[in-house]
Structures are given as structure tokens and as C-alpha cells.
Number of protein chains: 2
Amino acid sequence: MSGKRPTLADVANRAGTSTAVVSYVLNNGPRPVSDLLRAKVMSALDDLDYRPDGRARALRRPRRWRQIGLLVPDLTLPLFGEFVGRIEVEARARDHLTLIGNTGYDPERELEFATAFAEVGVDGLLVVGAANAPQTANLCRRERIPVVWMHNIRGAVEADIIGVDHVSAGELIAGHLRDVHNCRDVAFVGGVTAADVRHGDRETVQQRLEGVASVVGQDLPIIRTDLTPSGAYGAVSAILREGGPPSRALVVGTYGQTAATIRAVADAGLRIPDDVRIVGFDGAATDYGRPRLTTVQQPVDVLARAALGRLLGENPSTRGQFVPTLRVGETCGCVVSTPPG
Amino acid sequence: MSGKRPTLADVANRAGTSTAVVSYVLNNGPRPVSDLLRAKVMSALDDLDYRPDGRARALRRPRRWRQIGLLVPDLTLPLFGEFVGRIEVEARARDHLTLIGNTGYDPERELEFATAFAEVGVDGLLVVGAANAPQTANLCRRERIPVVWMHNIRGAVEADIIGVDHVSAGELIAGHLRDVHNCRDVAFVGGVTAADVRHGDRETVQQRLEGVASVVGQDLPIIRTDLTPSGAYGAVSAILREGGPPSRALVVGTYGQTAATIRAVADAGLRIPDDVRIVGFDGAATDYGRPRLTTVQQPVDVLARAALGRLLGENPSTRGQFVPTLRVGETCGCVVSTPPG
DNA sequence: TTGAAAGCGCTAACAT
DNA sequence: ATGTTAGCGCTTTCAA
């Protein structure tokens, strides 16, 4: 009838009995119910399409599970998929279920999610790639729910964050090109101004660029694009059309743009790594691509464990800055003989 | 201290006031509180490290958000990442938040999750790639929470499921090889017996094989592997070592094994597609790989919308069987000129 | 075998 | 400005 969901009392009424009996029927106990009454209750249940309210139920029952909220920019990117997977596992190990949200790097959406999570009563919030840190932090302070930031964070000052040092990731990969391949002729592919990108992991790219620049020089060429694969494809293709490879090596600022860059270079008739070396960030843990990508990786499992430890307060003194590692493939010019796996 | 979490009453006690006042300071209203008392309450809050109980709170507040549970086999696979992303969006559009769980195709874990979700009170459960359908279905019936199955389902009879027809997916791709490339000399890469795989999407692979076989003949060679990339790499490499390509084309049963197969073929010194054509399933929506993969795709957004419509009861009559589409790349032997994007 | 009623932790009338 | 108290929807004890 009314827009309200039926409650136990409604069912009891309709079945001409008490809420206790309805509860017994629903839970198969703890007291027995006569077949006649049980049948009546069952049909009342069905007539009303009754569904128990989990919150009320959890309030009475000794509850095992609590919840955390997890905000991620984009679930379709493999890196973030890995994050979610690992975090969910760590959370479950601590009797917490994981509520998930796709922010798409949208500050408003991030805040809406945080509000929604607060409303259903999460016991902690994990934000991977924050887009609206100040407001989200504020909300959490008001609601007294702990937050931990991961990966990167936009617009925050105070916050400590758990993630890798993106600057040293940039140094790492540029150092490899310089030390192993004696290559300093490097260009950076990535969007770096707010004008280039409305939403996206601008800061991370900027920090990676910083790291690369500190190794190969501040004047390295930058191929400006937004943060989309097609943007990178277009920008790199354009540069190549305008006359030859700009550099002997390309460092691509985001994972999603790496394959597009490879494609653009190949479509222009250049060979990888013979004509152009290509390296990037956040490659998948096992790579069967061809040629195999050289990237800097994040230790996702370590990060996830640290984040949950801090969020749930068992580990308040963890250091938040972790070091990325180089995974050598073939696109940088190395020769890799071991089969992947 | 006791192991119990402090409640509002505890805080009120310690601050020498009432629960109402504590509630007022927590929520900034609806009544004002004197600065003195407010300060007392605040420090009591901090002393006890009070955290509100979301369930109790949600019970009183007019609640907007409800929750659904979403079970996925493996979040690190792009296909499932896409599923989760789309489903979360559709759920949110209906004022539902999404609780997520990684089953790893493990029947026990699936059931544990379902139990946990029931305990926190979800209003619906979406299972992508069920591993334990009968028991999960049972649980949901008992708890009166609606379930919708997606993608595929193991061991169920009654259930209707929302997903693509994997058999016709197999037909589609084998048909392309036959009709466009005049190629019937096809082998199938995939694990098909329970002995090969403990966990994994065995049934889906089996159905795809069925489709392929119905086009190219029931006697097609099958390269048996478990469902891991490294398994495929090993199996394909072994076959190639034993003397030449077994077939002019390879259909790979799972997405995760496709790149590994390509790698194995390339490492054996064969060219794709000149020596061996390779096609697969569930490629990412945009593919910048090189060569570009020819795959059969699932219309993830359509599936997600249909699933939520059915789960939340707005759309009980949707047909559950959807048709996959062929996305032509280069690994089958086609020549694709349009830049991707 | 059934029903009445006491809470779970919180919010917000309704009283002071 | 503060305290008292009636519920939210449910489980379960206690009484019948």
C-alpha cells in the first residue's frame, strides 16, 4: 500500500500473529512454530513481499562483519582493479566488507560517495586517487570516520598518504634508460596542465615527469595530451608525422596510454625498441604482451596491507611511502630470455 | 577496559550529560549546545575514541541508500573490472551502494560472502560467474534476498541467468575464420576437464568450445591447459616444439590466456597472423595492442542494466540471453586501417 | 506453541 | 540549554 517497506509487524498483523512468531519462521528458530501458523506467516510474507531490514537485524544480532568504503577513480584500469582486489582481501581478513565506488576522478562524485558511505555507516574510508581530499576529509572528521589516502591525492596539505613515491618511479625508469641503454634522449608523453585534463591523475603524471626530468634534464621534450589513450595516440602520431621520432626513447606517464603510444609508433612504421624505446608505469604483474613492456610497478599487496593496518588502527606507525620497482621487459631495449609466468 | 565499543550512553556518562546532547554535538544540531558542555563532550568523545554505529544510526535516519552485494571471480581481469564498474553505476542510479567480493571461483568463499552480505542486510545479490550456485541460491531463498546470476553459473539447473550466449560466441568467431578467411583448420586452446582446473570458468570455456566445434567440426584439436596464462603458454609452446603449428588458427578459450598464446607462438618464431591466426574472447573495449586482437565481446553495459533491472524488480520480463559481437582486429588475418579509439 | 515486551545504539520530539 | 524518553525494525527472553 503505502510507499513504505513492510515490517515484521505488518507481516504479523496480516498473519494474525505476533512478530515473535514471524521471526521464528524467518530464522527457523529458536522456537518451533506450528505448521498451520507457519503457512499463514509464509503467505503473508509473500503477499507483502517482505524483506528483512539488515540494519535493524544487525543491531540485535552479535555482528561479525563491519564495513569500509573504498573509492577508486576507474575500475576498468588494471592497476585499480588490482588495488580493489587486494584491499578487499585485506579488509575481509579483518572482518570488514568492502563498499566500492567509482569516482571517475570527479570531485563531486567523490563527496557524494563519501556521504553515502557515511549514511550507511562505514567504519573507515579508503580513497585511492583522491580528487576532492579537503572536502572529503572534512566530512570524515565531522562523521568521525577514519580515512586513509592511497596512490595520490589532489589538493590536500595535511594528509599523509600511503603509496609509492612517483618521483622516484620516474627517476628509476629514466635511470634505467640512462645507465643501461646509455640513452638520455628522452621525451615524456603525458598531460600535465589542468587545461589538458578535466578529470584524471594529473598530479601523479606530474610527479613522474619530475622524476624523469631530474635524471635526463629539465628541458626534455614533453608530448602534451589529455590522459586518454586516444589522446596519446593522436599526440604521438602528430609528432611523428611532423618529422621523425623526436627522441630515442618515450616515457609514457600513465598506464592506459602506453599501449596507445606503442601502437602510434608502430603505425608510423618505426620499430620498438630499435628505433624508439618505450617505457611506462603500472604494468600488470605478469605481462604476455609483445614486445614485453618495461615498467615501474607498485607493490600493490604491500600497499593494501599497510593501508588497512592504518585504517583499522592496528598499525598507526607504518611509514606511508613505499618504493616502486622496475620490471624490465623488451620495449626499453633489454633482451629478456626467461619466459614470463 | 571491556572489549565493547563505547556507545553514546558511555560518552554521555563520561561527560556528565545526556545522550541527546552528545547527539547534538555530533550532528551539529538540531539543538544548540553551550560551549562548555560541547567541549566536555568532545573530550569524552576523544577519550573513548567513540565511533558511531552506522547501523543504529541508519535505523533512525531517513535512509536513502540501500545496498546490493556483488560477487566476482577475479577483479584483476579486465572483463570483470568492467562488469563491476558498470554494475556499480547502474546500482547507484537506483540508490543502491555496491558491496563487492572476490570469490576467486572458490565455492566456499562464494558462500561465505553471501552469508556476510546477508548479515549486513543487502537487498539483492548479483553473482558474476557463480561457483556455488545451488548453495548460494538456497541461502538467498532462506534469507529472502533476490539473486541474479550473470555471465555463467556452475551447477545450477533452475536458474535464469543474464549473460551472453557463449556457444554462439564460439560460433561467431569460428564462423569468421571460416567465412572470411576460408580457414577451418582450427585448434582450441583451453582447459576443459575438472581435473585441469580447480577453480575457474570451466563451463564458459566448454560452451565456447562447443560453438567452435559446431562450425569447424567436432574433431578439432584441443590444446589442453588449466585456465592460467602460464598454463597456456606452456601447453602451446609444448605443442609447437613437438613439430610445427598444429593448425592454421588458434581459438583461445579465455581472455587471460590469449596474450600468453600470442607470446608462445611468437617466441616459437612464428608470425601472426601469417603463420598462425589467433582469436579469442572478451577483449577490452578499446585495444591498442599490437597486433590488434580479434575477439568476441560482451555488451557489458547492456548486461549490467538488465541485471539490475531484474534484481531490483523493475523489469521482471527482460530476456536474459544476450548476443555477443565480433570485434575484428588483425590477429585473425584481417587488415584494419582505422586507428583505434 | 504462542504472545508481550525488553532492548540493540541512535535521533529528535517533547519536556523542562 | 539540557534532560527524558519514544521509537526505528528486529531478535529473544520471559510469561502464559
Write down the distance between [atom1] ([X]) and [atom2] ([N]), rounded to a whole number of angstrom.
X      : N      : atom1 : atom2 : answer
A:R144 : C:dT11 : CZ    : P     : 13 Å
A:R57  : D:dT12 : CZ    : C1'   : 14 Å
B:D10  : C:dC8  : CG    : P     : 11 Å
B:E143 : D:dC10 : CD    : C1'   : 13 Å
B:L59  : C:dC10 : CG    : P     : 12 Å
B:L26  : C:dA12 : CG    : P     : 12 Å
A:L48  : D:dG9  : CG    : C1'   : 15 Å
A:R31  : D:dA15 : CZ    : C1'   : 12 Å

Taking all atoms of both residues into account, what is the closest heavy-atom pair of B:P107 and B:N132, and its distance?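 Between these two residues, the closest heavy atoms are O-ND2, 2.9 Å.
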Please name the pair of heavy atoms, one in A:A91 and one in A:I68, separated by the smallest distance, quoted to 0.1 Å.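 Minimum heavy-atom separation between A:A91 and A:I68: CB-CD1, 3.9 Å.
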Side chain of B:S34: nearest nucleotide among D:dT12, D:dT2, C:dT1?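 Within the option list, the nearest is D:dT2.
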Does OP1 or OP2 of C:dA4 have a side-chain N or O of A:T19 closer than 4.0 Å?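 No, outside the criterion.
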If you compare every side-chain N and O of B:T7 against the phosphate oxygens of C:dG9 (OP1, OP2), does one of them come in below 4.0 Å?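 Result: no.
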Is a side-chain donor or acceptor of A:R94 paired with a backbone partner of A:E90 at a separation under 3.5 angstrom?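 Yes, the answer is positive, given that a donor and an acceptor are paired below the 3.5 Å cut-off.
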Whichever of A:L8 and B:S18 has its nearest DNA chain D nucleotide further upstream toward 5':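 Mapping each residue to its closest nucleotide by heavy atoms, the 5'-most match is B:S18.
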For A:R38 and for A:A56, locate the closest nucleotide of DNA chain C by heavy-atom distance; then report the residue assigned to the nucleotide nearer the 5' terminus.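 Between the two, 5'-proximity favours A:R38.
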Below 3.5 Å, does any donor atom in the side chain of A:R60 face an acceptor in the base of C:dG7, or the other way round?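 It does, because a donor-acceptor pair links the side chain of A:R60 to the base of C:dG7 below 3.5 Å.
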Test for a donor-acceptor pair under 3.5 Å between the base of C:dG3 and the side chain of A:Y24, counting only N and O atoms.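 Indeed, a donor on one side and an acceptor on the other fall under 3.5 Å apart.
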What I want to check is whether the side chains of B:E110 and B:T103 have a donor and an acceptor closer together than 3.5 Å.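 Not at all, the side chains of B:E110 and B:T103 share no donor-acceptor pair under 3.5 Å.
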